[in-house]
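A note on names: the letters A, B, ... follow the listed sequences, proteins ahead of strands, and every chain is numbered from 1. Only this structure's heavy atoms are used, side chains among them; waters, hydrogens and symmetry mates stay out.
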Amino acid sequence: MLEKNFDPAAVEPRLYKMWEESGVFSPSDAKDTFSIVIPPPNVTGSLHIGHALNNTLQDVLTRFERMRGKAALWLPGTDHAGIATQMVVERQLAASGTNVGRRDMGREAFVAKVWEWKKESGGTIVQQLRRLGASCDWSRERFTLDDGLSAAVRKVFVTLHQQGLMYRDKRLVNWDPQFQTAISDLEVEQKEVDGHYWHFAYPLADGVTYDFPVKDEDGNDTTETRDYIVVATTRPETMLGDSGVAVHPDDERYKGLIGKFVILPITGRRIPIVADEYADPSKGSGAVKITPAHDFNDFQVGKRHDLEQINILDTQAQLLAFDPVPAEYRGMDRFVARQAIIARAEEEGWLKQVEKTKHMVPHGDRSGVVIEPFLTDQWYVNAGELAKEAIAAVEDGRTVFEPKNWEKTYFEWMRNIEPWCVSRQLWWGHRIPAWYAEDGFIFVAETEADAHKQAEIHYGKPVALKQDEDVLDTWFSSALWPFSTMGWPENTEDLQRFYPTHTLITGFDIIFFWVARMMMMGLHFTGKAPFKRVFINALVRDDKGQKMSKSKGNVMDPLVLIDEFGADALRFTLTAMSGQGRDIKLAKPRIEGYRNFSTKLWNATRFTQMNECARVEGFDPSTAKLTLSRWIRGEVQKTLAAVTEALEACAFDDAANALYKFIWNVFCDWYLELAKPILNGDDTTAKAEIRAMTAWVLDQAMILLHPVMPFITEELWEKTGHIDMLISHSWPKPDAKAIDAEADEEINWLIDLIGEIRSIRSEMNVPGSARAPLSLSGASEVTAKRLNTHEDLILFLGRLSEVKVGEAVAGSVPFVAGEATAHLAIAEFIDLKAEQARLAKGIADFDKTIDGVRRKLDNPEFVRKAPEEVIAENRERLEDAENGKAKLSAALERLKAAS
RNA sequence: GGACGCGUAGCUCAGCGGGAGAGCAUUCGCUUCACACGCGAAGGGUCGCAGGUUCAAUCCCUGCCGCGUCCACCA
């Protein structure tokens, strides 16, 4: 006999171990395959609620397809997470108090240290995934920096280089002064901050003056003669790198100044005034300073007018310690320099105005510091070229997004894609396979030996080569994940069987970072889109809709929730709330509710045990005779169809809700209740059938629930005497014939009748112990027969003393039961006034329906244009309502006559 | 500035052309022999606002209001 409650903590580890050791997580050798690659969590990570959602959904699908007999592969692994991991280890070094930093250690020692850290602490998240129940094939676990994946990275890099799609270029990049590395556009976050426009007057060179339109004291238009031009800036310190001033070619105010020069304050540099459409006459003074080396727009303007690119910053965003930075600012931090220059401008009188403003400033997503546009040599991927096929694959449906709206986001970004800067000035990552000769010539090769060979051919003799110091963007190796993890570039069996993968489940926040790039690389290197379907899962927020974050203190730790409610309850909650296209507001009571659901299933099983509902080997539910059996078999079939269809379509919430309703509201609330009189009765044939049937239904429930709640179902499966493992049990075959319309109608009639009886008892405050007789007048033959067949059930569930066909007796309460009128004889509990009110309300309700439906049917347009079945349905409704009203009205008349 | 999404019962959400639904919360009643993490019953909604299409609109279209997210940009 089962305990009263399920104790998840006691069984979860044991069951997981059993599954893992049995080898069921590895795909079978079935021909039909189903594969998913995990979005590799950062090796530094620990399981957060977003992971819990994402991996629950992957596991639900994997378990579902595995049970459907496919060779199901869920391939797990972790990402080396360049900056994040390097940060963790650097922080650890700093905290160690040895005062030995990364640079003191040197590259080799530091990287060794990171590997050491990875070995000790890097496995956290994969253990946590096990607690969630994730049925990943751990024997295939990969790491983005392991040998195979590193080889794939080199191969891709070299191939792209040969194809001219990977190149080195000097352009402005987003520079993170804290990590002292370039980062990609995607790693930049625009944040609104309070700032200022400082208006500076740059004096014109060569004694040039012009008339500038102004208002006089009375507000009239006039002009003043100026020997300077005003520019506005949010970044005064960059003026040291100015190499021009731009005005709009059509701006009348400055037309005469085009081609003239200004003398840049402080440096005294003579720089030209150029005409460029970039200058917006409506903004600021209409004239803009141009700093090509420190602003993306200015860089373009500078190129158009051949302006000098003057870099004034070092890699930490301090002003350079040498020319062209004037002596007094050398080595100064950029923000300190800003204040110093403002102070000087004020002092020297060329600060004309200070305007407060809010503006967007780029920040590094990891470091949080202000990003500096910085002129450096970096490696770039020609993403525009690779994007073409990736766009086409989604356009023609080789890959579909679910929900489909996300395709728009994908297209939007792909169609405006910029070259992808893939080099990073870090140490933890895939070192760029490029070697430099002394004269700067570059040899790109998969191995150092190859590079030397190339160099020897090039120079006609061996030369010294130096490998590129940089590593690749973490997302570069992630982009290869679906095929590199399967052994590419070798043509492995896994690659043949499981690539392309079937479904990718991930968050919308990495559509650009990851999904788009996997599409590009997958198509380019394998010729196939890496997945047939991309399911974008929701974002988990707190119960108030706030994004969870440590700083807000509103994070819900999935491991704590698992401890409290069990992994199944958390999984069911996340699945049930995974409606498409909506964020999830996660609240504890909801998880608690689904924990209660698992307890309900547990106790239903307990009940079947107490009633000796043992499985009968070879029992065929289609041979069951009782209406109740035939009905529940149909309900199982409906649930099977609903769950199967929902899971195929990634409609996870529909699947969960269908299961919940079936198990609780159908199986427990009605089937088991209706079965009780039979189980307690003395009809041994019926009892035997119901016992076998109940065991069968329970099995079906456990099978269907297993993908979402694997632990409790596996445990109950074992406790109910199965010797196989549920995880590898087969999914039932749908069979539409299992739905028995006649049984359906009969049981629904029964449910309605009992519902009415209960409702009236409750309304009339009839104590539970009171047994009353029930009679049905106007009953059809069918109804009379049903009444007879189910007498025991009606007596038991309605708490009645007698059920029969007959006329109303004095002191009875009537209600409508199909074509018949039921009379519940509870004279001693009837409050005449209340009863009159009840009947009046019932009549009013019918009237409302009658009015509404009649209005429709009286409308000739409706009768002419509405579909036949809608008209028929309304006619039926009208008839029912009129019959119902007649019954209650008669009862009301009788009541009035009697009183 | 561009794009996407959301406003339905107190809360969280489902429904998305023909009778307003669920869970939680609330109220009432239950030592009913699986389960109080339970059982039974009840109350509660002008389906954001305004137009339009339609025989029919919570559902489709347009506009507005409110909330959220992403992208781009603002010297």
*Asks:* What is the distance, to the nearest angstrom, from the CG atom on A:Asp669 to the C1' atom on B:rA22?
*Replies:* 14 Å

*Asks:* In terms of side-chain geometry, is the basic nitrogen of A:Glu372 or A:Arg235 positioned less than 4.0 Å from the acidic oxygen of its partner?
*Replies:* yes

*Asks:* Can you tell me the distance, in whole Å, between the CG atom of A:Asp509 and the P atom of B:rG68?
*Replies:* 19 Å

*Asks:* Identify whether the distance between the nearest side-chain nitrogen and carboxylate oxygen of A:Glu564 and A:Arg595 falls below 4.0 Å.
*Replies:*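 Salt bridge between A:Glu564 and A:Arg595, a charged N being under 4.0 Å from a carboxylate O: no.
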
*Asks:* B:rC70 and B:rU62: how far apart are their P atoms, nearest whole angstrom?
*Replies:* 26 Å

*Asks:* Salt-bridged, A:Asp194 to A:Lys356, with N to O below 4.0 Å?
*Replies:*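 So A:Asp194 does not pair with A:Lys356 through a salt bridge.
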
*Asks:* Please state the C1' separation for the pair B:rU32 and B:rG38 - nearest whole angstrom.
*Replies:*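 Result for the C1' pair: 12 Å, nearest Å.
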
*Asks:* Rounded to the nearest Å, what distance is computed from the CZ atom of residue A:Arg758 to the C1' atom of nucleotide B:rC28?
*Replies:* 16 Å

*Asks:* By nearest atom, which of the nucleotides B:rC70, B:rG5, B:rC24 is closest to the A:Asn405 side chain?
*Replies:* B:rG5

*Asks:* May I have the distance from A:Asp653 (atom CG) to B:rA22 (atom C1'), rounded to whole angstrom?
*Replies:*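 Spelled out: CG on A:Asp653 to C1' on B:rA22 is 12 Å.
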
*Asks:* Tell me which nucleotide among B:rA41, B:rC13, B:rA34 gets nearest to the side chain of A:Glu673.
*Replies:* B:rA34

*Asks:* Atom pairs under 3.5 Å, N or O on each side, protein against nucleotides 51-57 of chain B: can you list them with distances?
*Replies:*
| residue | atom | partner | partner atom | Å |
| --- | --- | --- | --- | --- |
| B:rC55 | OP1 | A:Lys865 | NZ | 2.2 |
| B:rC55 | O2' | A:Asn859 | ND2 | 2.9 |

*Asks:* I need the full list of side chain to side chain donor-acceptor pair (under 3.5 Å) pairs touching residues 280-291 of chain A, with sequence neighbours left out, sorted by first then second residue.
*Replies:*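 Passing the test, one end in residues 280-291 of chain A: A:Thr238-A:Lys289, A:Asp242-A:Lys289, A:Asp242-A:Thr291, A:Asp280-A:Ser282, A:Lys289-A:Thr291.
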
*Asks:* Between the protein and nucleotides 42-47 of chain B, list the N/O to N/O atom pairs that are separated by less than 3.5 angstrom.
*Replies:*
| residue | atom | partner | partner atom | Å |
| --- | --- | --- | --- | --- |
| B:rA42 | OP1 | A:Ser759 | OG | 3.2 |

*Asks:* Send over the distance from A:Ile712 CD1 to B:rC37 P, rounded to a whole Å.
*Replies:*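 Rounded to whole Å, this separation is 16 Å.
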
*Asks:* Rounded to whole Å, how long is the line connecting atom CZ of A:Phe565 with atom P of B:rG23?
*Replies:* 19 Å

*Asks:* Is the backbone of A:Ile754 close enough, under 3.5 Å, to the side chain of A:Arg758 for a donor and an acceptor to pair up by distance?
*Replies:*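 Not a single qualifying donor-acceptor pair exists.
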
*Asks:* Describe the nucleic acid contact of A:Arg595 in one word from base, sugar-phosphate, nothing, applying a heavy-atom distance below 4.0 Å.
*Replies:*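 Counting heavy atoms under 4.0 Å across all strands, the contact made by A:Arg595 includes a base.
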
*Asks:* Need one value for A:Arg541: base, sugar-phosphate or nothing, where a base atom within 4.0 Å counts as base even if backbone is also close, heavy atoms only.
*Replies:* sugar-phosphate

*Asks:* Pick the closest RNA chain B nucleotide for A:Phe512 and for A:Met610 by heavy atoms, then say which residue is nearer the 5' end.
*Replies:* A:Met610

*Asks:* How close or far is atom P of B:rG2 from atom NZ of A:Lys408, stated in whole angstroms?
*Replies:*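 The distance from NZ of A:Lys408 to P of B:rG2 comes to 13 Å, rounded to the nearest Å.
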
*Asks:* Using the P atoms only, state how far B:rG45 lies from B:rC11, rounded to an integer number of Å.
*Replies:* 13 Å

*Asks:* Whole angstrom is fine here: how far is it from CG in A:Leu797 over to C1' in B:rG40?
*Replies:* 11 Å

*Asks:* Can you check whether A:Arg875 reaches A:Ile871 side chain to side chain, under 4.5 Å on heavy atoms?
*Replies:*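 SC-SC contact between A:Arg875 and A:Ile871 confirmed.
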
